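Heads up: the structure comes next, in structure tokens.
As the structure is a prediction and not an experimental result, all values here were calculated from the model.
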Amino acid sequence: MVDSVFLARVFVGIACIPLSRLGLRWIFTPDDIMAELKITAGTITGKNLQRTDIGCAITGTALQMALVALGHKEWAAPLVLSCGFFAVVRSMSIVLDGYEQRLAVVTVIEFLCAGAGIIVHNSIGAK
């Protein structure tokens, strides 16, 4: 039988790969990703906020995911908070601002990552 903690770590490890790429794209090529998403920053401050706030939040969460996947269970609680908060606020935004299918997919993945973090966190001290 496969250990649920192992599966949770594998899931989080796989999910951190595209998230890392996305975060690094926001940091290093914000103009490209803004063009893809059809959004504009408008000002230097706006571009700085896009690059730092979005890029660092996404990349930081991906780093937490990688640490959990590598067996650093102490990072599971921050991962639950990050992914859980992303998922809750994204869900709120879908209700307030409207629905697009790609947003629903991302929200489900965020909830699943938070759940995987809970599984890993709850294993701390077990065995």
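- Taking a 4.5 Å side-chain heavy-atom cut-off between Ile, Leu, Val, Met, Phe, Trp and Tyr, the cluster of Leu49 contains only that residue.
- The CG atom of Asn48 sits 7.5 Å away from atom CG of Asp53, with the distance rounded to the nearest 0.5 Å.
- Heavy atoms from other residues, nucleotides or ligands lying under 6.0 Å from CD1 of Ile44 number 12 at most.
- Nearest heavy-atom pair, Leu79 versus Cys113, reported as atom, atom and distance to 0.1 Å: CD2-O, 4.2 Å.
- The 12-atom threshold is exceeded at CD of Glu36, counting heavy atoms of other residues, nucleotides or ligands nearer than 6.0 Å.
- Chaining together hydrophobic side chains whose heavy atoms lie under 4.5 Å apart places Val80 alongside Ile118.
- Val120 and Phe111 fall into different hydrophobic clusters, where Ile, Leu, Val, Met, Phe, Trp and Tyr are joined by side-chain heavy atoms under 4.5 Å apart, directly or via other members.
- From Lys73, atom NZ reaches atom CG of Asn122 across 11.0 Å, with rounding to the nearest 0.5 Å.
- Among pairs with a residue in residues 76-85, none fulfils salt bridge (charged side-chain N to carboxylate O under 4.0 Å, His left out), at least two apart in sequence or across chains.
- If you take CD1 on Ile39 and CD1 on Ile54, they are separated by 5.5 Å, rounding to the nearest 0.5 Å.
- Listed by chain and number, the hydrophobic cluster partners of Ile109 are Val105, where partners are ILVMFWY side chains within reach of under 4.5 Å, directly or through others.
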N/O donor to acceptor pairs below 3.5 angstrom from side-chain atoms of residues 12-23, sequence neighbours left out:
unit_1 : atom_1 : unit_2 : atom_2 : d
Ser20  : OG     : Cys16  : O      : 2.7

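- Closest heavy-atom contact between Ser4 and Ile119: O-CG2, 3.8 Å.
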Show which side-chain atoms of residues 26-35 pair as donor or acceptor with protein atoms under 3.5 Å away, not counting sequence neighbours.
unit_1 : atom_1 : unit_2 : atom_2 : d
Thr29  : OG1    : Arg25  : O      : 3.1
Asp31  : OD1    : Lys47  : NZ     : 3.2
Asp31  : OD2    : Lys47  : NZ     : 2.9

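- Screening residues 57-68 for salt bridge (charged side-chain N to carboxylate O under 4.0 Å, His left out), with sequence neighbours left out, gives no hits.
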Show me, pair by pair, the donor-acceptor contacts under 3.5 angstrom made by side chains of residues 81-98, not counting sequence neighbours?
unit_1 : atom_1 : unit_2 : atom_2 : d
Ser82  : OG     : Gln64  : OE1    : 3.0
Ser82  : OG     : Pro78  : O      : 3.1
Arg90  : NE     : Glu110 : OE1    : 3.0
Arg90  : NE     : Glu110 : OE2    : 3.1
Arg90  : NH2    : Glu110 : OE2    : 2.7
Ser91  : OG     : Ala87  : O      : 2.8
Ser93  : OG     : Asp97  : OD2    : 2.7

